[in-house]
Amino acid sequence: MAKNEQKDKAKNKKDKPSFGQRIRSWFKGIRAELKKVTWPEKLKFRKNVAAVLVIIIVSVVVIYFFDTLVTAFLNVTGFYEIKPNEAPLAVQPAIETSIAEEAPPEEQEAEPETKENEEEKAAEAEKVEATAEETTGDK
């Protein structure tokens with residue numbers, strides 16, 4: 001029984017037209033269908049094409065105008081700007097580290113501890129705390 005099925009498949013393959021013949025037949029069918037179409041006169045065709053092109057151009061101009069208008073409005077209102085004191089709640093303020101803290105011990109330069117350095121560090125710490133309070137709403 002399996003042999004009969006193999007013979008049938010081989011027979012069907014032989015009956016099947018080649019790829020080139022199938023493509024040629026497909027294009028002949030398309031050509032036959034296009035001959036059945038009632039085509040408009042050249043003047044009517046040109047008017048229709050011109051109308052479509054005008055509609056496309058007008059649509060592009062209108063979309064460009066509104067896009068430019070909305071973008072300008074959003075820029076003027078500051079929608080695209082992120083203000084430093086209005087960080088999202090989920091974002092914690094970054095703690096700045098100095099290069100000396102990140103460098104290996106042998107490359108670190110010793111800074112003399114002066115009263116001015118201590119005051120600067122205290123002022124920076126206060127700023128970080130104030131920013132953290134503003135973003136979380138705690139006061």
Side-chain angles (χ1 to χ4, degrees):
M1 187 156 209
K3 289 182 181 181
N4 289 338
E5 289 178 14
Q6 289 177 353
K7 286 181 182 178
D8 288 340
K9 286 183 181 179
K11 191 176 186 181
N12 287 339
K13 264 191 174 177
K14 289 179 183 176
D15 292 341
K16 189 177 181 181
S18 70
F19 180 73
Q21 290 173 340
R22 286 183 284 160
I23 295 292
R24 195 174 310 116
S25 172
W26 185 69
F27 277 110
K28 282 182 181 178
I30 289 176
R31 193 171 188 189
E33 287 298 321
L34 288 177
K35 285 182 181 180
K36 295 176 186 177
V37 173
T38 305
W39 295 98
E41 297 174 6
K42 284 186 179 182
L43 182 62
K44 177 85 170 167
F45 179 75
R46 287 184 183 172
K47 285 183 179 180
N48 289 342
V49 168
V52 168
L53 292 176
V54 167
I55 290 170
I56 290 172
I57 291 170
V58 168
S59 299
V60 167
V61 169
V62 168
I63 291 171
Y64 176 76
F65 173 75
F66 280 114
D67 179 57
T68 305
L69 186 70
V70 169
T71 303
F73 175 75
L74 293 176
N75 283 333
V76 167
T77 59
F79 183 77
Y80 287 134
E81 296 175 10
I82 296 177
K83 297 174 183 159
N85 60 353
E86 294 181 5
L89 293 178
V91 177
Q92 296 296 324
I95 298 173
E96 296 181 14
T97 58
S98 67
I99 296 174
E101 292 174 350
E102 295 175 1
E106 59 271 1
E107 295 179 12
Q108 290 182 359
E109 294 180 14
E111 287 186 28
E113 289 295 325
T114 62
K115 196 170 194 178
E116 293 174 356
N117 288 349
E118 291 176 5
E119 290 174 359
E120 288 176 8
K121 288 181 182 178
E124 286 181 26
E126 288 176 9
K127 287 180 185 177
V128 170
E129 289 176 9
T131 305
E133 289 175 0
E134 288 177 3
T135 57
T136 58
D138 298 336
K139 288 190 179 183

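Across all non-hydrogen atoms, the minimal contact from Thr77 to Leu74 is OG1-O, 3.2 Å.
Cluster annotation: Trp26 is connected to Phe19 through the hydrophobic network of ILVMFWY side chains, with a link wherever side-chain heavy atoms come within less than 4.5 Å. Residues Val58 and Phe65 share a single hydrophobic cluster, defined by chaining ILVMFWY side chains whose heavy atoms lie under 4.5 Å apart. Hydrophobic clustering (ILVMFWY, side-chain heavy atoms < 4.5 Å, transitive): Ile23 and Leu34 are in one cluster. Note: the hydrophobic cluster containing Val37 also contains Phe27 (ILVMFWY, side chain heavy atoms under 4.5 Å, direct or indirect links).
Salt bridge status for Glu33 with Lys36: present, with a side-chain N to carboxylate O gap under 4.0 Å.
Residues satisfying the side chain to side chain contact (heavy atoms under 4.5 Å, CB included) test with Val52, not counting sequence neighbours, are Ile56.
Separation of atoms CD (Gln21) and NZ (Lys28) is listed at 9.5 Å; rounding is to 0.5 Å. We find the CZ-CZ distance between Phe73 and Phe79 to be 10.0 Å, quoted to the nearest 0.5 Å.
Remark: Arg22 CZ is packed, more than 12 non-hydrogen atoms of other residues, nucleotides or ligands lying under 6.0 Å away.
At least one donor-acceptor pair closer than 3.5 Å links the side chain of Thr68 to the backbone N or O of Tyr64.
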